There are 2 protein chains.
Amino acid sequence: MHRADTNRPRPPAARQATLREHNLALVARAVFEAGGPCSRADVASATGLTRATVSTLVEQLLGARIIAELPPLAPQRAGRPAVPLVPAARTVVGLGLEVNVDYLGCRVLDLAGAVVAEHVEPDDLHDCDPSVVLGRLGRLARALVAHVEEDGMTVAGATLALPGLVDVRSARLEVAPNLGWSRLDPLPLLGLDTGGDARTLAVTVANEAKLAALAQSARGPDSDDRPRADVPDTYLYVSGDVGIGSAIVVDRRIFHGRHGWAGEIGHVVVDPSGPRCRCGATGCLEQYAGKDALLRGAGLAPGDATSDLLAALEAGETAALTCLRRAGTALGSALADYVNLVDIDTVLLGGIYPPLLPYLRAPVEAELRSRVLAAPWAALHVDAAPVDHHAALTGGAREVLRGVVEHPTRWVEG
Amino acid sequence: MHRADTNRPRPPAARQATLREHNLALVARAVFEAGGPCSRADVASATGLTRATVSTLVEQLLGARIIAELPPLAPQRAGRPAVPLVPAARTVVGLGLEVNVDYLGCRVLDLAGAVVAEHVEPDDLHDCDPSVVLGRLGRLARALVAHVEEDGMTVAGATLALPGLVDVRSARLEVAPNLGWSRLDPLPLLGLDTGGDARTLAVTVANEAKLAALAQSARGPDSDDRPRADVPDTYLYVSGDVGIGSAIVVDRRIFHGRHGWAGEIGHVVVDPSGPRCRCGATGCLEQYAGKDALLRGAGLAPGDATSDLLAALEAGETAALTCLRRAGTALGSALADYVNLVDIDTVLLGGIYPPLLPYLRAPVEAELRSRVLAAPWAALHVDAAPVDHHAALTGGAREVLRGVVEHPTRWVEG
DNA sequence: CGGATAAGTTCAGCCATACGACTTAAATGA
DNA sequence: TCATTTAAGTCGTATGGCTGAACTTATCCG
């Protein structure tokens, strides 16, 4: 059994240019994480660099259009007034793409976190043809890219979100049950790198739930769905739908595991003597807390909407209430395993769960209290995910922009 | 709900000295990971630094006694013969300490990976007094430190391994059920930093299974228990005993989670209608595959040894065989959850499991095949952990030495 | 109006690495 | 035996990024 990582690559040698890259990224991060306009002097004291150095670096970031200067505010203290620095709006942008069972679309975000453009087409994409659908998405994306480029923006890259097992390193989709796709390389089918002009757009693929998870983190625009609670940098995100996906977010980055398949909570064992799952095993979480199981348990049809379920619950229907208690216990049991294994104390529930949370919370928390070994020593937080409206589009675009902020050198002097 | 990590610290500004530190560590790593003597020129081509720079850095590492030169080998090619560089033996050393239910001890490892000194005292430490036992361990450690320092070695630090929930950041032990300890700060009780001389020895604490996990990784001396198979850099380590601990190792580092409590596989749900666990919940893995459960299931007494169980199995006793099949299925079910959640494809079984592996393997693998969602696309490897003889002592010492290799600057020019 | 205060800029100095030339040390072969 | 070849390791200059102190700019305050 030989494996590739036995001689993992060493980091490259550091030279003067490496210093620059590091400090450029440091200054960029300081501006982005300041939570408001900040001066060069603020950045200097936040980073530990001298004001002289910060000035040089800021100059480069301005030139790269990664940050921007605002007109000086009315000064309130003695001393020369500061020039406010902010993330640049509508200059360098990221593109999020997604194909999911009920829609396909793309969204462009700028560095300030604002949605610059988007195009979402609801559709039923169960068992569709990958090349047709991805070709269609590619055309949408090209149109959107052309549009924002006409306005002088630069698209830094794109991330494609797919609801299935995506190998992040080979950019290969192994299987997406609900789309009926398997074993394909989605990127060539988008036709983005062979567009009209000769430029190539860097595109990556990732699992939809993982990208949605990234959209939850605190910093960024608060122009989104819900008022943004203070989301920590490390949390578990669980997205309920027909399947149940999840992601481990550590310091605002996805923990991918070996292939990018971490977080498959939908098939965690809840009860081995439980119902058979479509995966072949028995008693998987999905069979208790997946969308189909919830609807079936409440006496609704598989095609019904979450709102029907919610109506049944609000009407006090016993079948629905019982089913949700059962689902909550199952979800709590699986989350307890999750927390026991990875020791992360915040769980954000997304997908179909946020409106159902009032019915799920008690059994989930009861199960966590009794099953999480460390529960007596560290409080656990279970909350609704703040962003859910096509979160993977936002997450994908943000992932691109994170790359820009963390590696600004590529955009300097271009 | 306010949490501390919302404003996580930024990395420090990089300056010239940072470059040095980085490249010094790079050169050190190159020598340590070469797998044999290597020349300055080898290091240069491995790192991408010039030979001139490597010479300077090697000079410093030699001065810090982190690496050493060997007498030149009989040259086989034309050209000036290389001066072989190797990790230094018996210069800078790491100290591993451990208190466990059946022994306490300490072990000193040098940078070459050799055991320089050790002192292990078997004892029954169920429900012992922490201050007495830790005081005793501290005295052992001081004696060992004095001994190796007389031989001219420098102890770089120490790591204390404890079988319980250890908060790695506060160095606090929350609970260690089998020792009967709870809520205590173990480090002061060791009395190592207030020793006879005024020096302070940096000591950290960690969970025993996690440190044992670190002892498994491939590089390092092969003077240990078993012939070292090629262990990858990323794997799950599971240690069976009365309780079942585990660790997630990614790129040869422990994934600690929020507090250092990741890997509590012993209380993953196997069957909610199963037996009650001492943790209060029902159907935890420990109740199927923990040592007590195995002995009880095989009709043996709780105090019996693993060898008795093995004898019963080899004699073909039905109760023992059935019990191990059941344990294997339970372990496989829990491991399947683990792999589904963290996507790591190698599992090393340690503790009492290696000799039992022939009886566990089939049910474990069957369960993994049917329950791991990604099983069709990536082979899983379940193996016996190569190191098990007081592995946490080795892991703890290695952890200290990893710090030396990755941050050599502190040892240069001292 | 002038001193205090603070933001931002300029410039000499330092330091680590690169690059090319040089030295050292062995094998090779006429 | 001795020049040639090959490769390891060292030396000296050049480059580039950061620092620190002095300087300029711009505002407030008495």
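Naming: A, B, ... by sequence-line order, numbering from 1 per chain. Note: hydrogens, waters and symmetry copies are ignored here, and every other heavy atom, side chains too, is used. A quick note: this is a predicted structure, and the numbers were derived from the prediction, not measured.
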Reading nucleotides 18-29 of chain C from 5' to 3' and marking B where a protein heavy atom lies under 4.0 Å of the base, S where only the sugar-phosphate is that close, and - otherwise, the string is SB----BBBS--

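Rounded to an integer number of Å, the gap from CG of Leu19(B) to P of dC14(C) is 18 Å. Atom CG in Leu73(A) sits roughly 14 Å away from atom C1' in dA7(C) (whole-Å rounding). One can place CD of Gln16(B) at 11 Å from C1' of dG13(C), the figure rounded to the nearest angstrom. One atom, NE2 of His22(B), and another, P of dT17(C), lie 10 Å apart when rounded to the nearest Å.
Between Arg20(B) atom CZ and Thr409(B) atom OG1 the span is 9.5 Å, to the nearest 0.5 Å. One finds the OG1 atom of Thr56(A) at 11.0 Å from the CG atom of Leu61(A) (value rounded to the nearest 0.5 Å). One finds the CG atom of Leu201(A) at 6.0 Å from the CG atom of Leu192(A) (value rounded to the nearest 0.5 Å).
Within 4.0 Å (heavy atoms only), Val54(B) reaches no atom of the nucleic acid at all.
Each of Glu21(A) and Pro72(A) was matched to the nucleotide of DNA chain D holding its nearest heavy atom; the match closer to the 5' end belongs to Glu21(A).
Here side chain to side chain donor-acceptor pair (under 3.5 Å) pairs that include residues 35-44 of chain A, with residues two or more places apart or in two chains, are Ser39(A)-Asp42(A), Arg40(A)-Glu69(A).
Listed pair Asn23(B) / dA16(C) fails the phosphate criterion, with no side-chain N or O lying under 4.0 Å from OP1 or OP2. Look at Ser55(A) and you'll find a side-chain N or O under 4.0 angstrom from OP1 or OP2 of dT9(C).
For the contact set between residues 37-45 of chain B and DNA chain D, defined by any heavy atom under 4.0 Å, the members are Ser39(B), Arg40(B), Ala41(B).
Pro87(B) and Ala112(B) get closest at one heavy-atom pair: CB-CA, 4.1 Å.
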